[in-house]
Amino acid sequence: LKTFAAKKIGDIEYPKQGLSTADNERFLRLWYEIDQLKFASNCSSNENSIASCAKWFPFNKGGDFRKWYGNFDYVINWENGYELRNFKNAAIRNPNYYFEPHVTWSKVSISKVAFRYRPVGSVFSDAGCAATFHDDVLWYALGLLNTKYAQRVFDIINPTVNYTQSTIANLPYIVNAAKKEIITETVKKNVFVTQNDWDSFETSWDFKKHPLLRNVSTISEAFNQWQTECDDRFNQLKANEEELNRIFIDIYGLQDELTPEVEDKDVTVRKADLQRDIKSLLSYAVGCMFGRYSLDVEGLAYAGGKWDSSKYQSFIPDADNVIPITDEEYLDDDIVSRLCDWLKVVYGADTLEANLDYIAKALGNKGSTSREIIRNYFLND
């Protein structure tokens with residue numbers, strides 16, 4: 001109760017509700033459904049978005065429970081909002097704040113609420129609200145919002161599944177000048193760590209290459225390195241979150257009421273998972289077969305626009321853009337044969353059989369040989 005004598009978050013920057021399309025099927029897409037040449041992900045203002053001549057822009061739509069960074073899935077048709085402004089029942093709120101860096105969260109959450117950093121470039125919604133703090137406040141506020149203290153306050157003042165702007169605005173906001181620098185640096189590290197996690201998967205538009213592509217000859221060794229990297233990231237983030245809890249518990253004088261410990265389930269970076277990561281490696285390999293990815297360039301090599309064959313030197317994509325998937329090896333250029341060619345280029349010909357065995361064991365499918373197990377995975381799963 002004593003902490004409520006302080007200023008509130010809303011006194012610093014009142015959280016804002018964004019737009020409602022009234023027809024998501026029409027105006028929203030997942031970012032990988034669109035022509036990338038019509039997508040702009042880092043516009044800093046509405047004027048900048050107009051100058052980009054793009055059609056699609058990042059859109060905050062809430063999403064899964066995830067702290068610090070992530071849930072960059074959806075894009076919105078926002079060419080100065082022309083079509084939306086003329087669409088019946090659409091509600092455009094606070095457009096002057098679109099594209100600014102901000103803190104966002106999912107308005108509806110069944111258990112706890114998670115706050116994330118959004119850099120320049122996003123339009124926010126009524127489900128993925130925004131607080132456009134100035135830079136010197138943003139990191140401190142984000143650190144506070146993701147603490148156990150903040151969650152306890154939200155549970156008290158609004159014990160529902162809706163985390164509205166007014167709920168967030170009523171969080172007591174105490175600034176400790178002596179701790180401000182360490183809080184800011186710790187929060188920035190958390191954002192960096194979770195951004196690296198998010199960008200390790202091809203569902204991120206900033207994805208560069210698959211994490212199992214390393215300078216080793218076997219997938220098993222690559223996975224072991226990746227597993228160590230994930231564990232280090234997880235442990236670092238957990239330690240950082242507990243340190244922030246400890247600092248803010250001290251600032252608010254609640255040592256007798258709260259403890260800083262964070263449960264593993266509330267640490268929102270992914271640990272290595274052999275089957276999931278092998279399946280994603282196969283997905284990436286198929287992307288290389290079709291030219292979406294290249295072993296010679298980072299990120300998307302082709303996702304619309306003009307084909308540039310100079311991007312592909314190490315592994316050449318399929319010429320006719322058709323790869324057969326059959327129940328037996330009828331053709332010498334089917335998907336399993338192409339996968340073998342890709343594995344030879346990436347890990348070397350000498351370890352092909354060992355790598356096929358490793359993939360097959362991770363998939364756990366039926367079959368008498370590694371190739372048969374992999375073929376059944378492509379055919380059925």
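What you see below is based on every heavy atom in this structure, not just the backbone, and it leaves out hydrogens, waters and symmetry mates.
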**Asked** Within the side chain of E242, is there an N or O that forms a donor-acceptor pair under 3.5 Å with the backbone of V262?
**Response** yes

**Asked** So, the side chain of T268 versus the backbone of K67: is there a donor-acceptor pair under 3.5 Å, distance only?
**Response** yes

**Prompt:** Cation-pi between K8 and Y173: NZ/CZ under 6.0 Å from ring centre and within 45° of the ring axis?
**Reply:** no

**Item:** Heavy-atom donor-acceptor pair, K311 side chain to A301 backbone, under 3.5 Å
**Value:** yes

**Whether Q275 side chain and A362 backbone form a donor-acceptor pair below 3.5 Å** = yes

**Asked** Are any side-chain N or O atoms of N80 and backbone N or O atoms of I50, one a donor and one an acceptor, separated by less than 3.5 Å?
**Response** no

**Request:** Evaluate whether atom CG of L331 has more than 12 neighbouring non-hydrogen atoms of other residues, nucleotides or ligands under 6.0 angstrom away.
**Result:** yes

**Request:** Please say whether more than 12 non-hydrogen atoms of neighbouring residues, nucleotides or ligands are located less than 6.0 Å from CG in N380.
**Result:** yes

**Message:** Given R375, which partner from the list D381, D334, D327 fulfils the salt bridge (Lys or Arg N to Asp or Glu O under 4.0 Å) test?
**Reply:** D334

**D357-S370 side chain donor-acceptor pair, cut-off 3.5 Å** = yes

**Prompt:** What do you reckon, is CZ of F207 surrounded by more than 12 foreign heavy atoms closer than 6.0 Å?
**Reply:** yes

**Item:** Within 6.0 angstrom of F192 CZ, more than 12 heavy atoms from elsewhere
**Value:** no

**Item:** side chain to side chain contact (heavy atoms under 4.5 Å, CB included) partner of Y358, chosen from T351, I278, L363
**Value:** I278

**Prompt:** Can you say whether the rings of F115 and F154 are parallel (under 30°), tilted (30 to 60°) or perpendicular (over 60°)?
**Reply:** tilted

**Request:** Please confirm whether the backbone N or O of P260 pairs with a side-chain atom of N245, one donor and one acceptor, at under 3.5 Å?
**Result:** yes

**Message:** Checking D308 against S310: is there a side-chain donor and acceptor pair closer than 3.5 Å?
**Reply:** yes

**Request:** Please work out whether the ring planes of F248 and Y252 are parallel, tilted or perpendicular, with thresholds of 30° and 60°.
**Result:** tilted

**Message:** Over 60° means perpendicular and under 30° means parallel, so tell me whether Y312 and W307 are parallel, tilted or perpendicular.
**Reply:** parallel

**Request:** Might you confirm whether atom OH of Y74 has over 12 heavy atoms from other residues, nucleotides or ligands at distances under 6.0 Å?
**Result:** no

**Prompt:** Does NZ or CZ of R270 come closer than 6.0 Å to the centre of the six-membered ring of F201, within 45° of the ring's axis?
**Reply:** yes

**Side chain N355, main chain I219, donor-acceptor under 3.5 Å** = yes

**Message:** Checking the side chain of N89 only, and the main-chain atoms of A22 only, is there a donor and an acceptor separated by less than 3.5 Å?
**Reply:** no

**Side chain D277, main chain A272, donor-acceptor under 3.5 Å** = no

**Prompt:** Do side-chain atoms of S106 reach the backbone of S109 as a donor and acceptor pair under 3.5 angstrom?
**Reply:** no

